[in-house]
Structures are given as structure tokens and as C-alpha cells.
Amino acid sequence: MDSKPLAFITLDSTDKMPPYQQVRQQILVAISKGRLKAGTKLPSVRALAEQLGLAVNTAAKVYKELEASGAVVTRGRHGTIVQATGDEGSVAVADAASEFAAVATRWGISEKAAVGYVRAAFSSQVG
């Protein structure tokens, strides 16, 4: 078992994307490409924060968003485990949904209104 499954993650201080999004995106890409397989145990929030030089709350936000997208599951004392199977479409949609939610929140758009935008977008794609 790999003792540092996220050793490949790097942060680019010149990137306009916030560090937590850089980390989340790199993990999603690793899952979609099969580098991180379902069942892989990820480091604790504290260990990830230490490894990357991030605040603990920032590392926690990464895992929270990955869990909300279905890419990982947190099992209490058993830690955070990769759950996604690497289905590129699902990972891409989960990543886009996370980004969409962040943009909606940043602009003060309610969840109900944001979901309305998504429904309208689907309607325009189908018809």
C-alpha cells in the first residue's frame, strides 16, 4: 500500500485557482485516470495539510467537496477512502458541479435559483 498516495499533488502559487481547488482537481484527475483506485485510503486532513503546507481547514474543505461529489467517503476513524471508480464523465460532472456551486455561492445565488439554472440548461440541451 502506498504510504503517500497524494505525493503527486503540487500547488502552483501563480495559479489564480485557490489552493483547495487545485488539490481537489488533481485528486479528481488522478481518480479519473486510475492513478487513485477505489478503496485507496487518503491521508488524514492534518497529514494532507502538513504535506502541502495548507491550513487544516483548507485540507478539510478539499475532502468535504470530494465527499459531496461522491469521489471519496469518510468513515470516521477509518479515514477518507476513494470511492469513485474512475468514470471520467461522473468525475467531470462532479467537478463542474462543485465549481458551479462555488460560483453561485460567490455571487449570492441561492441553491434553489442555481438548481433552476441547471434545469433550464438541461431543457435547452434536450429540446
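Heavy atoms only: backbone and side chains are in, while hydrogens, waters and symmetry mates are out. Nothing fancy with the numbering, it's 1 onward along the sequence.
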So, for [X] and [Y], which heavy atoms are closest and what is the spacing to 0.1 Å?
{"X": "A102", "Y": "Q21", "answer": "CB-NE2, 4.3 Å"}
{"X": "L11", "Y": "P19", "answer": "CD2-O, 3.8 Å"}
{"X": "Q22", "Y": "T10", "answer": "OE1-O, 4.1 Å"}
{"X": "K41", "Y": "G79", "answer": "CE-CA, 4.2 Å"}
{"X": "P5", "Y": "L36", "answer": "O-CD2, 3.7 Å"}

Distance check, rounded to the nearest 0.5 Å: [X] atom [atom1] versus [Y] atom [atom2]?
{"X": "N57", "Y": "K64", "atom1": "CG", "atom2": "NZ", "result": "10.5 Å"}
{"X": "E65", "Y": "L28", "atom1": "CD", "atom2": "CG", "result": "9.5 Å"}
{"X": "I31", "Y": "S69", "atom1": "CD1", "atom2": "OG", "result": "7.5 Å"}
{"X": "I9", "Y": "Q25", "atom1": "CD1", "atom2": "CD", "result": "11.0 Å"}
{"X": "T80", "Y": "L66", "atom1": "OG1", "atom2": "CG", "result": "9.0 Å"}
{"X": "L52", "Y": "L6", "atom1": "CG", "atom2": "CG", "result": "7.5 Å"}

Query raised in the report: Going by heavy atoms in the side chains, are S44 and Y63 under 4.5 Å from each other?
Result: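 They are not in side-chain contact.
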Do [X] and [Y] belong together in a cluster built from hydrophobic side chains that touch within less than 4.5 Å?
{"X": "F122", "Y": "F100", "result": "yes"}
{"X": "I109", "Y": "V103", "result": "yes"}
{"X": "V62", "Y": "M17", "result": "no"}
{"X": "V56", "Y": "L42", "result": "yes"}

Query - E50 CD: over 12 foreign heavy atoms closer than 6.0 Å - result: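 Check fails, neighbour count at 12 or below.
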Requested in this report: Report the C-alpha separation of F8 and V29 in whole Å, then their side-chain angles, then the decisive distance to 0.1 Å, and conclude whether the side-chain contact (heavy atoms from CB on, under 4.5 Å) test is met.
Outcome: CA-CA 11 Å; F8 61 87; V29 167; over 6 Å; no
Query raised in the report: Going through the distances and angles, do L54 and V23 end up as a side-chain contact (heavy atoms from CB on, under 4.5 Å)?
Result: CA-CA 10 Å; L54 297 172; V23 174; 4.2 Å; yes
